[in-house]
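Read the numbers this way: they start at 1 and go in the same order the structure lists the ligands and their atoms. Only heavy atoms go into these numbers, but all of them, side chains included; no hydrogens, no water, no symmetry mates.
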Amino acid sequence: MTVAIDGPASSGKSTVAKKIADHLDLIYVDSGAMYRAITYIAIKNQLDLTDQNAIVNELNQLVIDFKRSDNGQMVYCNDVEVTMDIRQNDVTNAVSLVAAHPDVRTVLVQRQREMASSKNVIMDGRDIGTVVLPDASVKIFLVASVDERAERRHKENLEKGIESDLTKLKQEIRERDHKDSTRKVSPLKKADDAVEIDTTALSIEEVTGKIESIIFEKYPEYQK
Ligand code: DC
């Protein structure tokens, strides 16, 4: 089984995907973390972020891994744990630029498909239902208002001890939406066969419940 969850920044994708992965024993693949990981390494190595070839060369030497731990899922770059580093503001603000390079996407899409080829996965991102896993068994597209998404990200940042300014966050979310939806390669777009859920007024449990009902309709054997 493959479940694709797409949607804009802070629409709740990763939170619900992790919960569903836990409930139904699926492997959770955070594709955004992969774009963040290469962006983090490129910044760390002072690469020119507009230099696609330099970034792809770096990516070809970079192993990005996810490992489960008691503190949730950890992200590793060549065996170094980078879970928090890739969530910092410098990475968040640069990642759209790196994710717009077609060759970077080709490499990461290939790795994402490999991860889904032999396991039951739930994968979240922007182009999972449209490009990475067009044959996904279940496709969900989550949306929420900019204000709601900024509030969520603000709360999340404060909880993680990351500096946060709500007005700036709204502006950054708008900019990121614009960049992610207007880029030439694999823009953020709802797949024709995806189910759209507006999460603005819904709790995490309500969104999780709705998606699980959609999965159970197709795979009753997953309903315990
Ligand atoms: O979901 P996120 O905020 O962690 O994603 C980080 C960035 O990566 C986001 O600006 C868009 C990009 N991204 C992408 O282009 N394609 C994906 N499948 C996932 C994320």
Checklist entry - What atoms of ligand 1 come within less than 4.0 Å of a heavy atom belonging to Asp180? => result 9 (C), 10 (O), 11 (C)
Checklist entry - Going by distance alone, is a donor N or O of one side chain under 3.5 Å from an acceptor N or O of the other, for Asn120 and Tyr222? => result yes
Checklist entry - In terms of residue, atom name and distance, what is the protein heavy atom nearest to atom 1 (O) of ligand 1? => result Arg126 NH1, 3.0 Å
Next on the checklist: Below 4.0 Å, non-hydrogen atoms only: which portion of Lys179 touches ligand 1? Side chain, backbone, both or neither.
Outcome noted: neither
Item to check | Mode of Met123 contact toward ligand 1 - side chain, backbone, both, neither (heavy atoms, under 4.0 Å) | outcome: neither
Next on the checklist: Which of the numbered atoms in ligand 1 are under 4.0 angstrom from any heavy atom belonging to Val95?
Outcome noted: 6 (C), 7 (C), 8 (O), 10 (O)
Checklist entry - Got Val107 and Ile38 here, is their nearest side-chain heavy-atom distance under 4.5 Å? => result no
Next on the checklist: Is any side-chain heavy atom of Lys190 closer than 4.5 Å to one of Asp6?
Outcome noted: no
Item to check | Test: Asp147 and Lys170 ion pair at under 4.0 Å | outcome: yes
Next on the checklist: Quick one, Phe141 and Ile197 - any side-chain contact, counting heavy atoms below 4.5 Å?
Outcome noted: no
Next on the checklist: Test your reading of the structure: does Arg176 have an N or O sitting under 3.5 Å from an N or O of ligand 1?
Outcome noted: yes
Next on the checklist: Quick check: is Phe66 connected to Val132 through a chain of hydrophobic side chains (ILVMFWY, heavy atoms under 4.5 Å apart)?
Outcome noted: yes
Next on the checklist: Below 4.0 Å from ligand 1: does a non-hydrogen atom of Gln112 turn up there or not?
Outcome noted: no
Next on the checklist: Counting only nitrogen or oxygen atoms and a 3.5 angstrom limit, does Ser31 reach ligand 1?
Outcome noted: yes
Checklist entry - How far is atom 16 (N) of ligand 1 from its nearest protein heavy atom, and which residue and atom is that? => result Arg105 NH2, 2.9 Å
Item to check | Salt-bridge present (Arg105, Asp127; N to O < 4.0 Å) | outcome: yes
Checklist outcome for this item: atom 20 (C) of ligand 1: closest protein heavy atom, distance to 0.1 Å, is Gly32 CA, 3.5 Å
Next on the checklist: Check contact between Ser96 and ligand 1, using heavy atoms of the residue and a distance below 4.0 angstrom.
Outcome noted: yes
Checklist entry - Are Lys19 and Glu205 close enough that some pair of their side-chain heavy atoms sits under 4.5 Å apart? => result yes
Item to check | Salt bridge flag under 4.0 Å for residues Glu148 and Arg152 | outcome: yes
Checklist entry - In ligand 1, which numbered atoms sit nearer than 4.0 Å to a non-hydrogen atom of Arg87? => result 4 (O)
Item to check | Proximity of Arg183 to ligand 1 by residue part, where a heavy atom lies under 4.0 Å | outcome: side chain
Next on the checklist: What protein heavy atom lies closest to atom 4 (O) of ligand 1? Include the residue and the distance to one decimal.
Outcome noted: Arg36 NE, 2.7 Å
Next on the checklist: Give me the residue, atom name and distance of the protein heavy atom closest to atom 12 (C) of ligand 1.
Outcome noted: Ala99 CB, 3.9 Å
Next on the checklist: Can you report which non-hydrogen protein atom sits closest to atom 18 (N) of ligand 1, along with the distance?
Outcome noted: Asp127 OD1, 2.8 Å
Checklist outcome for this item: Residues pairing under side chain to side chain donor-acceptor pair (under 3.5 Å) where one sits in residues 62-81, two or more places apart or in two chains, turn out to be Glu81-Thr83
